[in-house]
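Proteins come first, then strands; the chains are lettered A, B, ... in the order of their sequence lines, and each starts at number 1.
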2 protein chains.
Amino acid sequence: MSLRHAVLGLLARDPGSGYDLMKLFDTSLRTVWPATRSQLYGELSRLADAGLVHVSAPGGRGRKEYSITDAGRAELHAWLLSGPSRGARSEMLLRLCFLGQVEPSDARAYLRHQAELAAKELAELEAVERLVPERGRLAFELGLRHLRVQQEWAAWAEGRLAESGATMTE
Amino acid sequence: MSLRHAVLGLLARDPGSGYDLMKLFDTSLRTVWPATRSQLYGELSRLADAGLVHVSAPGGRGRKEYSITDAGRAELHAWLLSGPSRGARSEMLLRLCFLGQVEPSDARAYLRHQAELAAKELAELEAVERLVPERGRLAFELGLRHLRVQQEWAAWAEGRLAESGATMTE
DNA sequence: CGTAGCATGTAATGAGTTACATGATTCA
DNA sequence: TGAATCATGTAACTCATTACATGCTACG
């Protein structure tokens with residue numbers, strides 16, 4: 001139930017309408033916690049019902065500007081410091097569990113492709129490094145490091161498969 | 001839609017009943033792709049309707065042993081080699097985006113806790129390293145490397161906060 | 001006056017969680 | 001005969017995705 005907390009986090013920085021928040025979900029949070037309009041507007045209503053946010057400034061064109069309440073801030077704070085919730089799914093790891101079931105050459109090609117993909121994303125990330133605001137620095141650095149291991153690991157894994165394949169056909 | 005592929009992957013290794021598969025979901029796949037009974041039995045029916053698996057051996061107590069079909073194998077193969085699907089959510093990264101909104105001392109404590117957590121999981125993983133079957137080796141290694149960066153990063157991040165906190169109060 | 005951008009939602013469907021509900025067999 | 005294990009499911013609910021649907025306003 002973290003969409004709720006993403007919304008609270010954004011509103012804790014600045015009040016805004018659903019429309020405003022949507023732009024943030026489509027930019028800064030795009031790769032971290034994607035959300036759609038229908039989800040967002042629904043969640044805003046529920047948050048308002050629960051008293052965690054309130055409409056602070058109705059505007060033209062039906063605009064409703066929301067602000068976080070004290071209760072909302074308390075909820076956000078508690079969540080921020082709470083442990084990681086269970087149930088993490090990793091499609092990558094799942095594929096890996098069954099990668100032994102395709103031809104070794106296919107598996108190698110797949111891993112090579114993964115390495116290239118990670119390298120590309122890494123390059124993109126490094127290119128925008130200086131644009132990252134100070135407050136986003138920690139998250140950025142973690143993303144960077146994750147991509148680096150991803151790339152190194154894929155290269156290592158491909159090498160390993162190549163070796164064992166060679167051994168087998170000898 | 002990856003529960004489907006997890007089931008196909010398991011059945012491609014060995015035929016089994018919903019009950020059998022559930023044990024695997026609760027052990028080997030627990031940390032990779034958790035699933036519940038109700039999800040699993042539902043998915044098995046749908047897979048059978050779609051012709052990707054079939055009941056190969058009905059047994060006592062209502063047991064239905066499923067096997068993968070050629071169509072199922074084809075589907076699995078295609079999925080294994082397909083690119084990563086979009087929509088990856090990271091609760092960790094989301095927390096990080098908003099960690100600036102709590103007291104620096106709270107944030108540091110949180111990061112220290114994360115580092116310890118990663119170190120503990122790492123130790124557990126390393127302890128069972130030799131029990132990992134050859135076919136699970138790639139996934140295991142990726143998990144290991146991810147935990148290592150997690151730990152190193154959390155330590156680095158905490159140090160960074162400590163520094164900037166010190167600068168601010170000077 | 002038209003179009004780009006602002007601004008809000010609903011409906012249908014699929015995926016995941018939790019709780020409930022039942023019955024057969026084996027073995028001590 | 002009673003408990004553990006085998007074995008299957010349904011129902012209610014929440015969360016996420018996709019498509020549909022509408023209307024106002026500023027500006028050129």
Side-chain angles (χ1 to χ4, degrees), chain A residues 1-8 10-11 14-27 29-50 52-66 79 85-91 94, chain B residues 1-8 10-11 15-27 29-50 52-66 79 84-91 94:
Chain A
M1 218 227 263
S2 286
L3 171 65
R4 157 159 306 210
H5 300 112
V7 172
L8 288 174
L10 291 174
L11 289 179
D14 284 304
S17 65
Y19 190 87
D20 295 337
L21 293 175
M22 200 57 224
K23 279 188 288 192
L24 295 172
F25 274 103
D26 279 343
T27 54
L29 292 187
R30 203 182 66 253
T31 58
V32 172
W33 204 271
T36 59
R37 260 197 316 290
S38 66
Q39 246 185 306
L40 179 53
Y41 283 114
E43 192 60 46
L44 279 170
S45 298
R46 265 171 269 132
L47 281 167
D49 289 348
L52 303 182
V53 306
H54 68 111
V55 178
S56 51
R61 293 179 262 207
R63 177 185 174 91
K64 291 186 238 174
E65 193 169 278
Y66 290 92
W79 172 77
S85 69
R86 269 304 105 213
R89 291 180 163 79
S90 166
E91 204 172 321
L94 188 61
Chain B
M1 220 225 266
S2 285
L3 171 66
R4 156 159 306 208
H5 300 111
V7 173
L8 288 174
L10 291 174
L11 289 179
S17 67
Y19 191 85
D20 295 335
L21 293 176
M22 200 57 224
K23 280 189 287 192
L24 295 172
F25 274 103
D26 279 342
T27 55
L29 291 187
R30 204 182 65 254
T31 59
V32 173
W33 204 272
T36 58
R37 260 197 317 291
S38 65
Q39 245 185 307
L40 178 53
Y41 284 114
E43 192 60 47
L44 279 169
S45 297
R46 265 171 270 132
L47 280 167
D49 288 348
L52 303 181
V53 306
H54 69 110
V55 179
S56 50
R61 295 180 262 206
R63 177 185 173 90
K64 291 185 236 173
E65 192 168 279
Y66 291 91
W79 172 77
S85 68
R86 268 307 104 212
R89 291 178 164 81
S90 167
E91 204 172 321
L94 187 61

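- Every side chain to side chain donor-acceptor pair (under 3.5 Å) that S85(B) has, sequence neighbours left out, goes to E91(A).
- For the pair D49(A) (side chain) and R46(A) (backbone), a donor-acceptor distance under 3.5 Å is absent.
- Not counting sequence neighbours, the partners of R4(A) by the side chain to side chain donor-acceptor pair (under 3.5 Å) test are E43(A).
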For this session: Produce a footprint string for nucleotides 17-28 of chain C: one letter per nucleotide, 5' end first; B if the base is under 4.0 Å from any protein heavy atom, S if only the sugar-phosphate is, - if neither.
Result: BB-B---BB---

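- The distance from atom CG of L21(A) to atom P of dC6(C) is 14 Å, rounded to the nearest whole Å.
- Atom CG of L94(A) is separated from atom C1' of dG16(C) by 15 Å (rounded to the nearest Å).
- In terms of phosphate contacts, Y41(B) brings no side-chain nitrogen or oxygen within less than 4.0 Å of OP1 or OP2 of dG9(D).
- For W33(A), there are no ring-ring contact (aromatic ring centres under 6.0 Å, His included) partners at least two apart in sequence or on another chain.
- Straight-line distance from the CG atom of D26(A) to the P atom of dC6(C): 13 Å, rounded to whole Å.
- With contacts defined as side-chain heavy-atom distances shorter than 4.5 Å, the pair D20(B)/Y66(B) does not qualify.
- The interatomic distance linking Y19(A) (OH) with dA4(C) (P) rounds to 13 Å, in whole Å.
- Between L40(B) atom CG and dA15(C) atom C1' there is a gap of 14 Å when expressed in whole angstrom units.
- Residues satisfying the side chain to side chain donor-acceptor pair (under 3.5 Å) test with E65(B), not counting sequence neighbours, are R63(B).
- Note: CG (L44(A)) to C1' (dG9(C)) measures 12 Å, nearest angstrom.
- Look at K23(A) and you won't find any side-chain N or O under 4.0 angstrom from OP1 or OP2 of dG5(C).
- The listed nucleotides are dC15(D), dT8(D), dG16(C); the one nearest the side chain of M1(A) is dC15(D).
- dA7(D) atom P lies 13 Å from atom NZ of K64(B), rounded to whole Å.
- With sequence neighbours excluded, no residue forms a side chain to side chain donor-acceptor pair (under 3.5 Å) with S38(A).
- Distance M22(A) CE to dT18(D) P: 12 Å, rounded to the nearest Å.
- Each of dA7(C), dG9(C), dT8(D) was ranked by its minimum atom distance to the side chain of S17(B); first place goes to dT8(D).
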